[in-house]
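Residue numbers begin at 1 in each chain, while the letters A, B, ... track the order of the sequences.
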Amino acid sequence: MSEAHYNHRFIEHKWQQNWRERKLYRVDNQSSKPGYYVLDMFPYPSGAGLHVGHPLGYIASDIVSRYKRQNGFNVLHPMGYDAFGLPAEQYAIQTGKHPAETTAENIARYRSQLDRIGFSFDWSREVRTCEPDYYKWTQWIFKQLFNHWYNIKSNRAEHIDNLVAIFENEGNINVAHAGGEVDDFIAEEWLHYNKRQKEDILQHYRLAFIHETTVNWCEELGTVLANEEVKDGLSERGGYPVIKKPMTQWFLRITAYAQRLLDGLDAIDWSDSIKEIQRNWIGRSEGATVNFPIHNDTAGRSLEIFTTRPDTIFGATFMVIAPEHEWTADLIHADQADEASAYVEWAKNRSERERMSEVKNVTGAFTGSYCTHPFTGKQVPIYVADYVLGGYGTGAIMAVPAHDSRDHSFAKKFNLDIIQVIENDEADVQEASFDAKTGKCINSDFLNGLDVTIAIKEAIAFIDDKKLGKAQVNFKLRDAGFGRQRYWGEPIPVIFDDDNIPSLLGDNDLPLTLPTVDSYKPTGSGASPLAAIDDWVNTPQGRRETDTMPGWAGSSWYFLRYMDPNNDQIIASNDAIKYWGQVDFYVGGAEHATGHLLYSRFWTKFLSDINVLPFDEPFKKLVNQGMIQGIVESIYLRKEKIDGKSHFVSSGLVDNPADFTQIPVHVDFVTDYKKTDTPSFLNIDGIRQFKEWRPEYSDAVFECSNGKVIDGIFEADGDAIEPICYTKSEIGKMSKRWFNVVNPDDICEEYGADTLRLYEMFLGPLEDAKPWNISGIDGVYRFLKKTWKLFVDKEGNYIPNANPADKKSLKTLHATIKKVSEDVQRISLNTCVSTFMIAVNEFTDQKCQNKEILDQFLIVLSPFAPHIAEELWEMGGREESIALATWPSFDEKHLVEDSKNYPISINGKTRTNIELSLSLSKDEIEAAVLQDAEVQKWLDGKQPKKVIVVPGRIVNLVV
RNA sequence: GCGGGUGUGGUGAAAUUGGUAGACACGCUAGACUUAGGAUCUAGUGCUUAACCGCGUGAAGGUUCGAGUCCUUUCACCCGCACCA
């Protein structure tokens, strides 16, 4: 005897405890079964806790994990925490509380929230990036990067000792490396360099290196930000202004891997959009560098430019250099100094934000210098303009106004020549440039008549032949800044000696742990709080590096640590890495496209080069779950007070929104929240709650749609009973900031984890963004109650028995097995839920009581709703968990039909249906259809022009 | 501007190779039962119509016996990048 009614609280608590006690989801690194690795992007444990959007991906991956487990795989499905990060540090700055403490508390909260949803994580493998046992290996990988260089000839990373050996034997003349340009030297010279000189040279080779650059400096945060942390010249977090500032920084040479990162995309199963974003970010462009001799230059120099369109070189009528080009000052002629120097000065001081917001506004100045066009011998003027970027290509371009829109607008503004060199019938290049890479060359000497694609090759061959330049591939991708002037991150295991030469800590000195500090505040000078701890910074060997690693360091390799999380000899044992291999299925947000997902690929390729990994892509298949949005509720506040009082106005009464400010309202105060068909509003209670919540508006007047509320008293228009102050409802982020966060705990309490799991899947395709809307969850809850009723009668007795299986029930079962198996594999989880509903509806209609059928159905349901499935499974006398059951095999024979209700369409429109045997031939079908009374009515005595019979599908008559 | 994506009932959505558009749910309407509930069950529900007919997948063309699905043009919204030569 058990509960007569479906009691989710009892069942879910019981099984979550049972699973934990039995260590049901523990997984071993050794098995005769094939391994399958299912991974979620691990969360940053923020103080806000999980909201209903977070589990979306976890639920999907849990379903796949459970499905794979039941299909004979040994499944690795771990979870952990990306635990270093700015919010905990900001909180520490405000409160003095150690970030480790805050982080541990937040993790505990996350864990309890996750546990309530019934995931099949193997928690014995949990990793936390902020734990010394973990970041020891993050530091170890950094050491490897420092100790390796990228050999272009072997196309892989190699040990720096091998490079030094080459230098000692033959200098660097035959070395091709990825990195900065280095002057040639011979072995003799190398041997005479001092330690300082040698290290300066090696820094151009190492994959982790120090380099002075301009960085994104944010004064308010007191730190340097990565490019992707800056949006429109403001910090992504906090929205503070960001300026360019020179600073010495650690970098990782990701650019060495640019081509491989690009090529690798073809072999992985990721969405096209993410691949495109990465391709874009890497930004490969093929072209040539060309040298344009500078006219009358005392040093005899040539200006090197990069172009992807060497076919248009005869149309180059001027040159443009970036304001920060190293020769800018030299090239400014005395008689242009006033104007050009002033321009350079102005451009340098312009903030990133200003520059970006005024893209369409062309600016620049003539330097007074000229180049000699290497093909025509003509003199072309050199301009300086900030539409040419110092950091890309050579920082200088040949301008072809006829075929480049940017050059065109510049030429128009400065009244420069526009020479057409590519044929184009449609438009006049004097009016607008023709940028397309199609057509034939004209006005181009030996290139005339050639197609653009061929002309590019010919031009490059000519350039090569005459030693005017060379074919060149450029990438937009920049080396990755690797230092943060922050406390809460992995310390970089480096010590600088008295000559400021960096050296690594020994492996035995790892992990280099974070010391305790008195203050977490940025020092303001740009150094991290660590710099203030003298006895930590100063060691007998020298001064420690005080920068810490960026947030993405720990997350770039965490998927490896799960394979062997307690290993203290190596990041993970070779056996474990070999057994699990790449992540088979990875689920996470698309917002990490150019961050985590690129850096992980880079580290994986590097670790593969140094033989730590037997594969060089981390994530075989990636699915990006869409964001679950919230509904942001706000009320309109008059900007002007009336008689010293704030006035809120019902949204229907707002005529000119410019006179109002929108004030967010906590969604708990709103009536009819989340119902899309009825507008939400504040009633008298909501108004009271709002005023208590925001005391600064305690004296506010609410102008409602049906009267006014003054001092909590409703003055009705007419006979209205209750005030209605309509709110403004908009779809937006679910976030603390908008007071619209829905905690999964609340859903679990009211409806249960199984309902939450099914409902989140039922909302729509996993990848789509969708607003969280509670209406509809009842349907899923009802489905589970119906499922329960198939197994348990009103008295609480278990129903299923061994009576013979009904043919129809077998058909329902096997149709369900087939559909769900297929849909789980193509991650169409919303349609699986529909399929379950159909099955339960059919079983109910069929009054199916066959235990074998219903138990098989339970197995198919169990990845989605594990608790109820486990309970009903146990009630059927099973002792082993349903999670370990074998997925039922699908048998086609139960689906075979002997007849088909053919849709009969006439001129493409379905008019009737005729039940016909599937054994009939085309001709027999045609004959049967033509005899049908309904068909004859439509034919009206005429012969059909044509009859199309698709056996098993449809019949179409053309009249 | 460039790249990627999405447009289907009142709502979330389905339709996997071109073959009955709207499965499955929510909501709504009517009814049954009743311990009166936010429970359960039954029937209906794209628009239009008394019914038949007709119309219907953002819009306009096209291919086809047949188009949500393929092709061309176009509009709207979302995401990413943004002077990358």
Nucleotide [N], atom [atom2] - distance to [atom1] of [X] in whole Å:
X	N	atom1	atom2	answer
A:Tyr781	B:G27	OH	C1'	20 Å
A:Lys819	B:C24	NZ	P	13 Å
A:Asp272	B:U6	CG	P	10 Å
A:Asn280	B:G4	CG	P	10 Å
A:Glu304	B:A85	CD	P	16 Å
A:Ile954	B:G19	CD1	P	9 Å
A:Lys437	B:A85	NZ	P	8 Å
A:Lys770	B:U11	NZ	P	18 Å

Could you check which of [options] has an atom nearest any side-chain atom of [X]?
X	options	value
A:Lys789	B:G12, B:G54, B:U40	B:U40
A:Arg826	B:U16, B:G38, B:U40	B:U16
A:Pro903	B:A85, B:C81, B:U20	B:U20
A:Met837	B:U20, B:A25, B:G19	B:A25
A:Tyr751	B:A15, B:A21, B:G38	B:G38
A:Ile948	B:C83, B:A25, B:C65	B:C65
A:Asn913	B:U20, B:G27, B:A85	B:U20
A:Arg782	B:U40, B:C24, B:G12	B:U40

When you check the side-chain N and O atoms of [X] and [Y], is any donor under 3.5 Å from an acceptor?
X	Y	result
A:Ser828	A:Thr831	yes
A:Tyr67	A:Gln825	yes
A:Gln846	A:Thr812	yes
A:Lys946	A:Asn956	no

Does the structure show a Watson-Crick or G-U wobble partner for [N], both distances under 3.5 Å? Name it, or say none.
N	value
B:U57	none
B:C77	B:G5
B:U63	none
B:U20	none
B:C28	B:G44

What's [X] touching, base or sugar-phosphate or nothing? Going by heavy atoms closer than 4.0 Å.
X	answer
A:Asp407	nothing
A:Ile397	base
A:Phe762	base
A:Pro771	nothing
A:Glu767	nothing
A:Ile838	sugar-phosphate
A:Lys946	sugar-phosphate
A:Ile277	sugar-phosphate
A:Thr308	sugar-phosphate
A:Val388	base
A:Val958	sugar-phosphate

Taking the six-membered ring for Trp, are [X] and [Y] parallel (under 30°), tilted (30 to 60°) or perpendicular (over 60°)?
X	Y	answer
A:Phe890	A:His814	tilted
A:Phe857	A:Phe836	perpendicular
A:Tyr599	A:Trp552	parallel

In whole Å, what separates the P atom of B:C55 from that of B:C2?
->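 Pairwise P distance, B:C55 against B:C2, rounds to 39 Å.
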Can you tell me, in whole Å, how much space there is between the P of B:G46 and that of B:A36?
->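 These two P atoms come out 35 Å apart once rounded.
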Is there a donor-acceptor pair closer than 3.5 Å between any side-chain N or O of A:Thr328 and the backbone N or O of A:Glu324?
->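 The answer is no, because no donor-acceptor pair under 3.5 Å joins these two groups.
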Mapping A:Gly390 and A:Asn830 to their closest nucleotides on RNA chain B, which lands nearer the 5' end?
->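 By nearest-heavy-atom nucleotide position, the 5'-most residue is A:Asn830.
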Nearest-nucleotide comparison on RNA chain B, the residue closer to the 5′ end among A:Ser273 and A:Ala769 |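 Checking each residue's closest nucleotide, the 5'-ward one belongs to A:Ser273.
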May I ask you to evaluate whether [X] reaches the phosphate of [N], defined as a side-chain N or O under 4.0 Å from OP1 or OP2?
X	N	result
A:Ser285	B:A85	yes
A:Tyr902	B:U20	no
A:Asn841	B:A25	yes
A:Lys785	B:U40	yes
A:Arg284	B:A85	no

Is A:Arg309 paired with A:Asp435 through a side-chain N to carboxylate O contact shorter than 4.0 Å?
->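 No, this pair does not count.
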